[in-house]
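Notes follow once the structure below has been shown.
Counting convention: from 1, in listed order, for ligands and their atoms alike. Note that the coordinates shown come from a computational prediction; the quantities given were computed from them, not determined experimentally.
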Amino acid sequence: MARKAGIIGGGVIGGGWAARFLLNGWNVTVFDPDPEAPRKVGEVIANARRALPALSDGPMPPEGTLTFAATITEAVEGADYIQESVSERLDLKHRVFAQIQQVAPHTPIGSSTSGFKPSELQQNAANPATIFVAHPFNPVYLLPLAEIVPSAKSDPALIEAAKETLREIGMFPLHIRKEIDAHIADRFLEAVWREALWLVKDGIATTEEIDEAIRMGFGLRWGQMGLFETYRIAGGEAGMKHFMAQFGPCLTWPWTKLMDVPEFNDELVDLIAGQSDAQSGHHSIRELERIRDQNLIGFLRVLKDRNWGAGKVLLDHDARRRTAMPAPVAGSGPMETARLTVLPGWIDYNGHMTESRYLFAASETSDAFLRHIGADVAYVGTGFSYYTAETHIMHLGEAKLGDALTGTVQVLHADEKRLHIFIRILKGDEPVATLEQMLLHVDMKAGKTCPAPQAILDRLMPIAEAHASLPRPEATGRHVGQKKA
Ligand SMILES: NC(=O)C1=CN([C@@H]2O[C@H](COP(=O)(O)OP(=O)(O)OC[C@H]3O[C@@H](n4cnc5c(N)ncnc54)[C@H](O)[C@@H]3O)[C@@H](O)[C@H]2O)C=CC1
Ligand SMILES: C[N+](C)(C)CC(=O)CC(=O)[O-]
């Protein structure tokens, strides 16, 4: 049964958490007294539906259910995990924790707080041990980092379990060993933010020029290597020691205004907001969110292809999901084994899914079927596998960006060596393509076909027998140029 996440606070961050849990198959109940919250959360989830599946290379789990509760009690009752994302005020967070713990005294409560320490959050709590910082980054449904900050009063086992929960929804829980105001990442962000405010206030640069200075240069580097690895390389062959020796003395130069806070008055707010409007006001916030999401998807996909940084987290998440997925159930009809969303990189110059992706979708579908009958990665590791010997694709419709596709397998014939299947790639109930394939069981070392072992045949044959009574697809055995019957 799907687990339940109680989301308290449905603003920018609460909406992002709701989306991440929901799209990873959790049931989500949100409480937020703002009557606009369901609309706002709905818009964040709509963005997430367009974005998050694009990072997955396997079927997404079925979406959980989303409900809005009238009270905190209703939202957290029976929850397996609770995430608090109310406005950044300590008194408000204390009141919320007190209400939560009246009904859920033992459930993990992660707080999205950007700055408060866990010991501050836990003050006067009925059960301080369950409250900890789980600080995410916007957009929560795409960025993997969650800073997990416990205090001395936290329950270590509960913290480990919470980290595991976050991994299950594709996040990277970074355990912060010592509590500190603003954790790790926000200390950087505050430093950068302060310097940027000074540069604008002193008339040195506009908001646009500052953003160009970041996104055309060091911002690109940081997304893949961070600060220290980047500077290690910048030290040349002599590495970090040389870098420190060369640039260390600059630290005493009067370059930074880090300790100095610009006076935060209406004049500064208007100056920054005015320049920001001039820079980006021609886009709505929702448009900017979509541009940001598509850019992030592009970066993250490259990192995933390279098994590097945040890309590793995505690969781990795919692998976890694959193992956690309930095996497809063989019924009397074709077996649904794959669910895919059409990604931006799959679209060709004709504005629809490019032909190579139909083969990709089919191999996702047949791979899942092979895993189901026991020909999984571990089996391939023993030196045996199924190879595709022949494929015939028929294009019957168009798949467009963001379309949800499912892949089904119908077994046409199976024996010891051969597996003859018919794959349908469906958009809704309509096939956009069908693929007829012949797969052969092979001894990979010998480089030739051989009979599949009994364990695989025991799983395969009952499906083949059940499918034998299905109508044979008209497209079976077709060749190019043949007139439709
Ligand atoms: N916006 C950001 O970039 C980030 C914010 N955070 C943290 O996330 C938390 C929420 O921030 P945002 O989502 O940005 O703020 P927000 O202003 O977008 O949302 C806060 C929400 O809390 C709701 N709220 C107020 N009182 C409530 C109550 N008693 N019960 C339930 N909901 C209540 C408000 O109606 C509002 O919808 C803060 O602690 C913040 O520090 C963390 C990471 C990034
Ligand atoms: C501005 N902020 C301190 C709320 C930012 C964060 O906490 C993290 C983020 O997403 O930048």
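Of all protein heavy atoms, the one lying nearest to atom 29 (N) of ligand 1 is L92 CD1, 3.6 Å. Atom 18 (O) of ligand 1 has its closest protein heavy atom at V12 N, 3.0 Å. Of the protein's non-hydrogen atoms, the one nearest atom 4 (C) of ligand 2 is S114 OG, 3.3 Å. The protein heavy atom nearest to atom 17 (O) of ligand 1 is S87 OG, 4.7 Å. Remark: minimum distance from atom 39 (O) of ligand 1 to any protein heavy atom is reached at E88 OE1, 2.6 Å. Looking at atom 41 (O) of ligand 1, its nearest protein heavy atom turns out to be S114 OG, 2.7 Å. In terms of protein heavy-atom proximity, atom 30 (N) of ligand 1 is nearest to F31 CE2, 3.4 Å. The protein atom (non-hydrogen) at minimum distance from atom 10 (C) of ligand 1 is S85 O, 3.2 Å.
At least one donor-acceptor pair closer than 3.5 Å links the side chain of R20 to the backbone N or O of I169. Looking at K427, its side chain does come within 3.5 Å of a backbone N or O of E398 through a donor-acceptor pair.
Contacts between N138 and ligand 2 below 4.0 angstrom, taking non-hydrogen atoms only, involve backbone and side chain alike. Counting heavy atoms closer than 4.0 Å to ligand 2, residue L189 contributes side-chain atoms (C-beta onward) but none from N, CA, C or O. In H135, the part holding a heavy atom less than 4.0 Å from any atom of ligand 1 is the side chain. With a 4.0 Å heavy-atom cut-off, ligand 2 is reached by the side chain of H135 but not by its N, CA, C or O. With a 4.0 Å cut-off on non-hydrogen atoms, F137 does not touch ligand 1 at all.
Side-chain atoms of P173 and I148, non-hydrogen and from C-beta on, do get closer than 4.5 Å to each other. For the pair W198/I204, no side-chain contact is recorded, criterion being any heavy-atom separation below 4.5 Å from C-beta on. Using a 4.5 Å heavy-atom threshold, the side chains of E336 and R424 count as separate.
The one candidate from W222, F247, F243 that meets the ring pair (Phe, Tyr, Trp, His ring centres under 6.0 Å) condition with Y231 is F243. S151 pairs in a side-chain hydrogen bond (donor to acceptor under 3.5 Å, both in side chains) with only one of the listed residues (Q122, E179, E120), which is Q122.
Taking each of V41, I13, D186, D32 in turn, the one with a heavy atom nearest to atom 34 (C) of ligand 1 proves to be D32. Scanning G115, S112, A182 for the heavy atom closest to atom 42 (C) of ligand 1 points to S112. When the heavy atoms of V140, T113, V96, V86 are ranked by distance to atom 38 (C) of ligand 1, first place goes to V86.
The aromatic rings of Y81 and W26 lie perpendicular to each other, with more than 60° between the two planes, well past the 30° mark. By the 30° and 60° cut-offs, the orientation of the rings of W255 relative to W253 is perpendicular.
Interface atoms of ligand 1 facing I8, defined by a heavy-atom separation under 4.0 Å, are 31 (C). For ligand 1, the atoms lying closer than 4.0 Å to a non-hydrogen atom of D34 are 35 (O). Near D186, meaning under 4.0 Å from any of its heavy atoms, are these atoms of ligand 2: 3 (C), 5 (C), 6 (C), 7 (O), 8 (C). Residue G11 has at least one heavy-atom neighbour below 4.0 Å for each of these atoms of ligand 1: 13 (O), 18 (O), 19 (O), 21 (C), 37 (O). Close contacts of ligand 2 with F137, meaning ligand atoms under 4.0 Å from a residue heavy atom, involve 8 (C), 9 (C), 10 (O). Set against the non-hydrogen atoms of P136, the atoms of ligand 1 under 4.0 Å away are 43 (C).
Geometrically, ligand 2 and E190 share no nitrogen or oxygen pair separated by less than 3.5 Å. Not a single N or O atom of N138, backbone or side chain, sits closer than 3.5 Å to an N or O atom of ligand 1. Between E84 and ligand 1, a contact under 3.5 Å exists for no N or O pair.
Note on K93 versus E84: salt bridge recorded, some NZ/NE/NH1/NH2 to OD/OE distance being below 4.0 Å. At a threshold of 4.0 Å, the pair R286-E289 counts as salt-bridged, since one of the basic side-chain nitrogens sits closer than that to a carboxylate oxygen. A salt bridge does not link R371 with D367: none of the charged nitrogens is closer than 4.0 Å to a carboxylate oxygen. Looking at R357 and D348, no side-chain N of the basic residue comes within less than 4.0 Å of a carboxylate O on the acidic one, giving no salt bridge.
No side-chain N or O of H94 forms a donor-acceptor pair with one of N124 less than 3.5 Å apart. Between the side chains of T207 and Q279, at least one donor N or O lies within less than 3.5 Å of an accepting N or O. Side-chain polar atoms of T29 and T67 form a donor-acceptor pair below 3.5 angstrom. Looking only at atom types and distance, the side chain of T73 has no donor-acceptor partner in the side chain of Q102 under 3.5 Å away.
Within the structure, ligand 1 has K93 among the residues with a heavy atom less than 4.0 angstrom away. Using a 4.0 angstrom heavy-atom cutoff, A37 does not count as in contact with ligand 1.
Using a 4.0 Å threshold on non-hydrogen atoms, atom 15 (O) of ligand 1 does not count as touching the protein. Under the 4.0 Å distance rule, the nearest protein heavy atom to atom 1 (C) of ligand 2 falls outside the cut-off.
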